[in-house]
Amino acid sequence: MRVLLMTLSDVLPLALTQVLNPALEYCAVVVDEPEKAKKFLAGTPLENIVYPFYELKECMENFHFDCILCPSPFHEFPNYESVTKYGIPKNSLVSLPVIHTAENFFVERALRYFKKHAAEFEMFATGDSHAKFGIMPKKFKRKLFNFGHTSQDLYYSYQIAKYVLKKSGGGQD
């Protein structure tokens, strides 16, 4: 995976040594303090691909990347609002602090559990927080699995329903 890394210089050492997979291929490292980052990266191939945050737009235009990886919270960047105006596809911008929460692994855990126990359930529900908090499986006479998740959009609710129906033998692609 080819990554454009966008981080704060203070977070860079931790991100590269303890958080990120060393097998990632970097096209650019965009930071708030380029000289500080270059000093840390001295003698590595990454030393030559460090850019200041204000050159992010040019990096996005000139380099091929699969995603923009951000180990720092987005709100810590100066002028972050302008970054979203550069036409970054929403699914290409990955913030590790936002991803690394127990809540974000709910759907994956739920699908894995359902895969093993699909025959035990007669009904399922999916949707946003209204379904998550408003449907109580124990209140139903038939066994129900609730896939409701906070801020889940219609696309993912549909994908979950498609998966469940396929596993239950009641749906097609």
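Throughout, numbering of the chain's residues begins at 1 and tracks the sequence.
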Verify the ring-centre separation between Phe121 and His117: is it less than 6.0 angstrom? no
Heavy-atom donor-acceptor pair, Ser9 side chain to Lys36 backbone, under 3.5 Å: no
Have a look at Leu4 and tell me which of Cys70, Cys67, Cys27 forms a side chain to side chain contact (heavy atoms under 4.5 Å, CB included) with it. Cys27
Atom pair NZ/CE of Lys141 and Met123 - distance to nearest 0.5 Å: 11.0 Å
For Lys143, give me all partners under salt bridge (Lys or Arg N to Asp or Glu O under 4.0 Å), at least two apart in sequence or on another chain. Glu120
Partners of Glu122 by salt bridge (Lys or Arg N to Asp or Glu O under 4.0 Å), sequence neighbours excluded? Arg142
side-chain hydrogen bond (donor to acceptor under 3.5 Å, both in side chains) filter on Glu25, not counting sequence neighbours, yields Arg2
Contacts of type ring-ring contact (aromatic ring centres under 6.0 Å, His included), residue Phe147, not counting sequence neighbours: Phe114, Phe145
Same cluster or not: are Tyr113 and Ile160 linked, directly or through other Ile, Leu, Val, Met, Phe, Trp or Tyr residues, by side-chain heavy atoms under 4.5 angstrom apart? yes
Suppose we screen for side chain to side chain contact (heavy atoms under 4.5 Å, CB included). Which residues come up paired with Tyr156, at least two apart in sequence or across chains? Gln152, Asp153
If hydrophobic clusters are built from ILVMFWY residues whose side chains come within less than 4.5 Å, do Tyr163 and Leu144 share one? no
Any side-chain heavy-atom pair from Thr126 and Val164 closer than 4.5 angstrom? no
Closest non-hydrogen contact found for Thr17 with Pro13 is OG1-O, 2.6 Å
Under the rule for salt bridge (Lys or Arg N to Asp or Glu O under 4.0 Å), what residues qualify as partners of Lys57, not counting sequence neighbours? none
Minimum side-chain heavy-atom gap Leu46-Leu16 below 4.5 Å: yes
For Pro52 versus Val30, what's the shortest heavy-atom pair and its separation? O-CG1, 3.6 Å
Got a donor-acceptor contact below 3.5 angstrom from the Asp32 side chain to the Leu8 backbone? no
Restricting to side-chain hydrogen bond (donor to acceptor under 3.5 Å, both in side chains), what partner residues turn up for Asn62, sequence neighbours left out? none
Note, Phe40 side chain near Val31 side chain (heavy atom, < 4.5 Å): no
Report the residues that fulfil ring-ring contact (aromatic ring centres under 6.0 Å, His included) with Tyr51, sequence neighbours left out, ordered by chain and then residue number. Phe63
Might you point out which heavy atoms bring Met6 and Leu56 nearest each other, and give the distance in Å? SD-CD2, 3.6 Å
Going by side chain to side chain contact (heavy atoms under 4.5 Å, CB included), name the residues that satisfy it together with His130, two or more places apart in sequence or in a different chain. Asp128
Partners passing side chain to side chain contact (heavy atoms under 4.5 Å, CB included) against Glu35 (at least two apart in sequence or in another chain): Lys38
Quick one: name the residues clustered hydrophobically with Met136, using the 4.5 Å side-chain heavy-atom rule over I, L, V, M, F, W, Y, and just say none if it's on its own. none
Shortest non-hydrogen contact from Ala37 toward Leu12: CB-CD2, 3.7 Å
How would you list, by chain and number, every residue that makes a side chain to side chain contact (heavy atoms under 4.5 Å, CB included) with Leu14, sequence neighbours excluded? Gln18, Val19
I need the minimum non-hydrogen distance between Ala125 and Ile135, along with the two atoms involved. CB-CD1, 3.6 Å
Passing option when Leu5 is tested against Val29, Ile49, Leu24, Ile68 for side chain to side chain contact (heavy atoms under 4.5 Å, CB included): Val29
